Amino acid sequence: MSKPAITYELLHIDKNSGARRGVVHTPHGDIQTPVFMPVGTQATVKSMTPEELKEEVGAQIILSNTYHLYLRPGHELVKEAGGLHNFMKWDRPILTDCGGFQVFSLSDLRTITEEGVEFKSHLDGSRHMFTPEKVMEIEEALGADIIMSFDECCPYPSTYEYTKNSMERTTRWAIRCKEAHKNVDKQGLFGIIQGGFYEDLRKKSAEDLIALDFPGYAIGGISVGEPKEEYLKMLHYTAPLMPENKPRYLMGVGTPDYLIEAALSGIDMCDCVLPTRIARNGTAMTWNGKVVVRNATYEKDWGPLDPECDCYTCKNYTRAYIRHLVKTNEILGIRLLSIHNLRFLTKLMERVRIEIENDNLLEFKKEFYKKYGYTKE
RNA sequence: GUGGAUGUAGCUCAGUUGGUUAGAGCGCUAGUUUGUGGCACUAGAGGCCGUGGGUUCGAGUCCCAUCUUCCACC
């Protein structure tokens, strides 16, 4: 029997919180966890070169997307290029999202059946069909280290009945994904726990998926616009249900507070478009809170974006200059803010890992919240 | 000098045969952004309609004067 592509090594558990410090081993190297993963939907983290991601940001792993790459340039083309790593010149680990989220959020017309989802492309309206088998074919062609099983992400709020049916179908699709997935020594297939905001459904989903013995597990369907209390409630309920000897991935998170809460709950991996998206709209995250550098307050601010940051942007440019770039819609503004925001979250997680090793993550959370300006726990 | 045109939001301009609270685009101000449809979305501020008179129940709109800017001609 061949060695699985993805394995998890636990290094330390924070004695005061249960947060875990570990390593995820992949075919393209190790990932120190907890980790934040930048999102590169279309085989690029928008405006960043791989060198910048590695040297300036310190990214260990990035995400890409099945739905988008299937539509453009096509997974066959990426395969012909030698897979995503080769195509985009990124030699560290990659995770591909299954496209389930996009099928539901981007397509006008979609029909869900037991077989799969029929949808219309947001690009040209052409009709396509995603089945668990099709998604596995695409993700294998893309060649990421970690691939996600095809799921349905329920909108918030959804009724109990709808969520239950959706969750059960997601589990059946996970079985089909597992059966269709062949190169298990090169790619690790993660199962996605659904169940919306209903505890018994989350429990059922977790149990059924764990029985299938995936090399890793994700929590999906959270961080979809619910209040923070709901987020924390489901996070605190679901994370402990996940196996201790495998990576735990919380999809679509997020903001600094959500990331710290995730780590505190024993989550190992998170991803989010937020740092790069808000960068494109003139906003930065700093150790002293959110800075909308586009605002007039910064017109003549000759200081760096974040005095405590060690990134390329903060070492070299003033808020006034970055504001000017944002206001004039210059590409460099987007790039500088993207570098900073990604570096900020990467650094935050580096700090989280150190605090876990020192059994001090809870204390750190208090300090961070106070400084960042979060008022509610 | 003569003739013609022009003047409405910071900018470029719409404003019917006179009729409620004068609009648009851009800009400006602020908010939003959570498994990405990059340059978006939402909200807001901002006008003695060049000035002075007149007609009218009522004038950005009609009349007179005057000033501004532009064009043509002498």
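Each chain gets a letter, A, B and so on, in the order the sequences are listed, and its residues count up from 1. Values in this document were obtained by computation on a predicted structure and should not be read as measured data.
Here A30(B) presents its C1' atom at 12 Å from OH of Tyr298(A), a figure rounded to the nearest Å. C41(B) atom P lies 19 Å from atom CG of Leu274(A), rounded to whole Å. Per the geometry, CZ belonging to Arg277(A) stands 9 Å off C1' belonging to G38(B), to the nearest Å. In this structure, the NZ atom of Lys327(A) is 13 Å from the P atom of A40(B), given to the nearest Å. Between the CD1 atom of Ile278(A) and the P atom of G31(B) there is a distance of 13 Å, rounded to whole Å. Rounding to whole angstrom units, CG of residue Leu71(A) and C1' of G37(B) are separated by 11 Å. Distance, Tyr374(A) OH to U34(B) C1': 11 Å, rounded to whole Å. The CG atom of Leu250(A) sits 9 Å away from the C1' atom of G35(B) (whole-angstrom rounding).
Phosphate contact (OP1/OP2 of U33(B), side-chain N/O of Asn281(A), threshold under 4.0 Å): absent. For U32(B), the OP1/OP2 oxygens have a side-chain nitrogen or oxygen of Lys290(A) closer than 4.0 Å.
Closest to the side chain of Ser105(A), from the set A30(B), G37(B), U34(B), is G37(B). With distances taken from any side-chain atom of Ser223(A) to the nucleotides A30(B), U34(B), G37(B), the minimum falls on U34(B). Set against U34(B), G37(B), A40(B), the side chain of Cys272(A) has U34(B) as its closest nucleotide. Side-chain proximity of Asn295(A) to the nucleotides G38(B), G31(B), G35(B) is greatest for G31(B).
When the P atom is used for both U12(B) and U69(B), the distance is 15 Å, rounded to whole Å. G19(B) and G25(B) are spaced 23 Å apart, taking the P atom of each and rounding to whole Å. For the C1' atoms, the distance from U51(B) to A30(B) is 37 Å, rounded to whole Å. Of the P atoms belonging to U8(B) and C48(B), the separation is 12 Å, rounded to the nearest Å. When the P atom is compared between A72(B) and C26(B), the two are found 35 Å apart, to the nearest whole Å. Taking atom P in both G18(B) and C62(B), the straight-line distance is 8 Å, to the nearest Å.
Side-chain polar atoms of Thr286(A) and Asn288(A) form no donor-acceptor pair below 3.5 angstrom. Of the N and O atoms on the side chains of Tyr160(A) and Asp200(A), at least one donor lies less than 3.5 Å from an acceptor on the other residue. Asp151(A) and Gln194(A) are linked by a side-chain donor-acceptor pair at a separation below 3.5 angstrom, with hydrogens and angles left out of the test. A side-chain donor from one of His181(A) and Glu140(A) sits under 3.5 Å from a side-chain acceptor of the other. Counting only N and O atoms by type, the side chains of His68(A) and Thr66(A) include no donor and acceptor under 3.5 Å apart.
Aromatic rings from Tyr317(A) and His340(A) are positioned such that their centres are separated by 6.0 Å or more.
At a threshold of 4.0 angstrom between heavy atoms, the contacts of Glu226(A) with the nucleic acid are absent. Nucleic acid contact for Gly100(A): none, since no nucleic acid atom lies under 4.0 Å from a heavy atom of the residue. Asp151(A) comes within 4.0 angstrom of a base, heavy atoms only. Using a 4.0 Å heavy-atom distance criterion, Cys270(A) is classed as making no nucleic acid contact. As judged by a 4.0 angstrom heavy-atom cut-off over every strand, Ile331(A) is placed among residues making no nucleic acid contact. Across all strands, Ser47(A) comes closer than 4.0 Å to no nucleic acid atom at all (heavy-atom distances). Using a 4.0 Å heavy-atom distance criterion, Ile222(A) is classed as making no nucleic acid contact.
Evaluation of atom-type donor-acceptor distances gives no pair under 3.5 Å for the side chain of Thr283(A) against the base of U32(B). Remark: the Arg323(A) side chain and the U29(B) base include no donor-acceptor N/O pair separated by less than 3.5 Å.
Because its NZ or CZ atom is not both nearer than 6.0 Å to the ring centre of Phe190(A) and within 45° of the ring axis, Lys246(A) does not count as a cation-pi partner of that residue.
Along RNA chain B, the nucleotide closest to Gln42(A) and the one closest to Gly99(A) are compared, and the more 5′ of them pairs with Gly99(A).
Both distances falling under 3.5 Å, in either a Watson-Crick or a G-U wobble arrangement, place A65(B) opposite U51(B).
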